[in-house]
There are 2 protein chains.
Amino acid sequence: MATLGSATKKHKVTIVGSGNWGTTMAKIVAENVKAHPQLFEEVVQMWVYEEEVVIDKKSRHYNASSPLCKGTQKLSKVINELHENVKYLPNITLPPNVIANPSLEDAARDSTLLVFVIPHQFIARICDRLKGNILSYARGISCTKGVDVSDKGIQLFSESIGQRLGIYCGALSGANIATEIAQGKYSETTVAYDPPPIDSRQPSPTPSPSESTTDLVVRTNGCSGERSVVLHPLPIDYPPLSHENVKKLFHRPYFHVRMVSDVAGVSLGGALKNVVALAAGFMDGLGWGDNAKAAVMRVGLLEMVKFGTRFFSSSCRPSTFTEESCGMADVVTSCMGGRNFRCAKLAIERGMSVEDVEKAELNGQKLQGTSTAYEVHSFLKSQGMVDEFPLFTAVYNILEGQTKAEDIPDLIEPKD
Amino acid sequence: MATLGSATKKHKVTIVGSGNWGTTMAKIVAENVKAHPQLFEEVVQMWVYEEEVVIDKKSRHYNASSPLCKGTQKLSKVINELHENVKYLPNITLPPNVIANPSLEDAARDSTLLVFVIPHQFIARICDRLKGNILSYARGISCTKGVDVSDKGIQLFSESIGQRLGIYCGALSGANIATEIAQGKYSETTVAYDPPPIDSRQPSPTPSPSESTTDLVVRTNGCSGERSVVLHPLPIDYPPLSHENVKKLFHRPYFHVRMVSDVAGVSLGGALKNVVALAAGFMDGLGWGDNAKAAVMRVGLLEMVKFGTRFFSSSCRPSTFTEESCGMADVVTSCMGGRNFRCAKLAIERGMSVEDVEKAELNGQKLQGTSTAYEVHSFLKSQGMVDEFPLFTAVYNILEGQTKAEDIPDLIEPKD
């Protein structure tokens with residue numbers, strides 16, 4: 001079979017994270033490893049940040065005589081006994097081959113594929129704990145939306161993970177509301193995986209799992225300058241991680257995957273769409289109707305293209321934004337009812353700042369769109385390019401109280 | 001002034017049509033001719049299909065002592081006295097330089113620019129009446145959405161108008177709900193105008209308005225084969241109809257215009273988006289959520305690109321669909337709440353056919369999306385390409401009762 005190459009081993013997959021989206025990914029991946037037993041080991045480890053939970057009396061699992069329903073229990077134990085993440089993905093049954101593991105190091109041990117689904121603020125410390133405890137030739141996929149933008153530069157979370165662990169890391173992003181997908185409702189996503197040349201080798205007559213002779217220094221091209229990672233080739237006794245095989249890990253009849261090579265575009269899409277969603281919310285808040293909303297979505301999408309191709313020029317393709325789920329479709333979903341959209345709309349309707357709406361409505365949670373708008377603005381300012389991104393700049397100025405939402409059409413009108 | 005060339009004359013503009021969208025276009029154009037008196041004559045003629053109307057007692061214009069409010073009145077007279085199209089665009093004041101004219105021939109006489117805003121089924125008979133009554137070197141812009149697709153071929157309405165009148169005709173389309181624009185709410189549109197070489201001539205030392213020496217045979221490239229039109233050059237004593245000058249006729253602070261050269265893409269966008277809106281309505285009717293809706297919008301947009309580039313290859317650009325108001329933005333608007341979307345959604349929710357919903361809800365009006373879906377299917381079948389457009393085909397089959405909406409994900413899954 002072409003997909004197997006000269007493989008004698010199988011890929012072990014670990015999901016790093018077990019929130020709403022992480023548990024959904026574990027479900028998808030566990031269904032797929034069962035469907036492709038020639039490529040993947042059957043058990044999917046899911047690292048769980050251990051918490052104490054109580055099975056609620058209203059739960060479908062409540063049974064007064066069960067020891068599990070007496071007092072507090074460890075979340076990992078509850079997941080493994082009930083095959084449900086009662087806290088973060090309730091009422092969804094997980095396949096029995098998802099194994100919740102409270103030990104990060106143990107869950108990741110001997111895994112060739114690590115799927116990261118963690119809040120961005122935990123990336124550094126989780127990578128610190130994993131470093132030295134994973135296979136040198138492991139590969140990663142980052143499902144954490146967003147990028148780390150500052151006035152010093154831009155770093156994709158996939159780059160950040162890859163550099164901290166010394167591995168190659170791709171990205172997954174799309175119009176993906178987790179709960180809908182967990183229920184098996186139809187959805188699409190985009191997976192960017194750009195295998196380094198060392199992974200596309202032909203099997204040699206005498207397969208050697210030795211890595212030292214073919215390590216490759218890979219340069220990443222984030223705007224903050226080149227950084228180097230020494231990559232270790234995947235031993236050829238594993239099936240190659242081609243687009244075809246990576247797709248098999250994520251694609252389901254209800255979760256359609258398109259594979260691309262543009263990691264930057266996929267990562268940027270998930271971040272910048274939240275800024276566009278704020279602009280769309282402002283339009284709706286003004287009661288300006290669907291024309292106006294569609295107009296700022298279109299202008300926003302083109303600023304996303306410009307941002308990607310300007311600052312990640314060698315790798316970023318316009319079509320990733322205009323044609324893929326991680327671009328156009330995610331903009332659409334986020335502008336129809338995401339929380340950035342809703343808070344921006346409420347801010348205009350109530351005559352409040354977005355920050356005050358956030359405090360009043362989100363119960364301590366933070367909007368991704370506002371922090372991204374600030375980071376993007378700070379970066380554009382450092383590059384002297386504020387005027388070339390008039391919609392992103394207008395959103396920043398509205399958040400700052402320096403511009404009115406009503407001025408958006410004037411501000412984004414092309415000057416020619 | 002560069003925009004004027006060696007002009008001594010001004011363009012006279014006529015709006016052919018006075019419905020909801022036609023009257024809105026008349027308002028926009030009349031505002032712009034006032035703003036650019038060096039390019040355009042001040043009076044904008046608007047041809048009105050004459051009807052009898054009664055000023056309602058609830059109208060803001062009702063005045064028991066006014067003769068205009070006694071019995072039935074001619075619509076054109078009411079528009080000219082009240083500066084309002086009380087029947088098709090009520091409560092919007094028109095600029096006084098819009099002159100309603102019930103005589104088609106008189107309204108169009110000596111006009112160099114004809115803006116067509118008529119239902120597509122009237123194109124043939126209106127062109128028959130205009131033929132021989134317009135300037136041979138007039139130019140047109142078709143605002144009629146859609147294309148004439150049959151198993152014999154595809155013809156753009158702009159092509160149809162151009163051929164029938166022997167003039168060049170461009171197209172205007174975008175995410176444009178007329179009433180919102182008439183109220184001055186922010187919107188965008190796309191104008192395709194691809195001036196034939198004879199119009200981009202340099203003024204000669206001895207300007208001659210004679211046409212006979214420089215007539216140009218222009219071949220159009222609709223799928224049904226080449227057709228020829230003998231075009232007469234615009235005399236150089238008129239300002240050139242460059243993108244810059246055509247934009248000035250339509251662009252307003254609340255109505256942003258992007259000029260392109262892709263007439264086919266602009267025309268197809270306004271037609272095919274209605275098929276996509278039906279698919280989006282099916283997803284919403286199933287209660288499948290925003291991921292699913294965004295997914296079919298994305299897949300639909302790419303089928304639009306494929307349709308345009310496959311059947312209008314020499315002139316049609318993917319970016320017209322993925323980056324312009326007439327493409328991506330119009331898909332968004334139509335899938336948020338247009339009537340095709342709503343009827344498709346209701347059909348699923350009520351377990352009825354779309355046709356029955358149309359009869360029950362639309363008071364005799366017809367959905368554009370269903371007729372386009374049938375025409376497109378008939379055409380694709382004649383080309384043996386039904387399988388290459390799985391979403392368009394699925395919509396057709398659902399309308400025919402041969403497929404269930406639930407099967408859309410399977411049907412549009414790429415086979416690889």
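Numbered from 1 within each chain, the chains take letters A, B, ... in sequence-line order.
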*Against chain B, work out which of K293(A), M297(A), R258(A) has the most heavy-atom pairs shorter than 4.5 Å and name it.*
R258(A)

*May I ask you to check whether over 12 heavy atoms, not counting those of R317(B), lie within 6.0 Å of atom CZ?*
no

*Would you indicate whether the side-chain heavy atoms of K185(B) and N291(A) approach each other to under 4.5 Å?*
no

*Can you check whether T322(B) reaches M328(A) side chain to side chain, under 4.5 Å on heavy atoms?*
no

*Among G338(A), G174(A), A175(A), which residue forms the greatest number of heavy-atom pairs with chain B at distances under 4.5 Å?*
A175(A)

_Counting heavy-atom pairs under 4.5 Å with chain B, which one of M283(A), Q183(A), R298(A), M336(A) comes out on top?_
R298(A)

_E180(B) to D290(A) - nearest heavy-atom pair and separation_ = OE2-N, 3.3 Å

*asked:* If we ignore hydrogens and angles and just use 3.5 Å, is the side chain of E413(B) paired with the main-chain N or O of H256(A) as donor and acceptor?
replied: no

_Side chains of E188(A) and V299(B) in contact at under 4.5 Å (non-hydrogen atoms)_ = yes

*Under a 4.5 Å heavy-atom cutoff, which of D410(B), I177(B), T333(B) has the most pairs with chain A?*
I177(B)

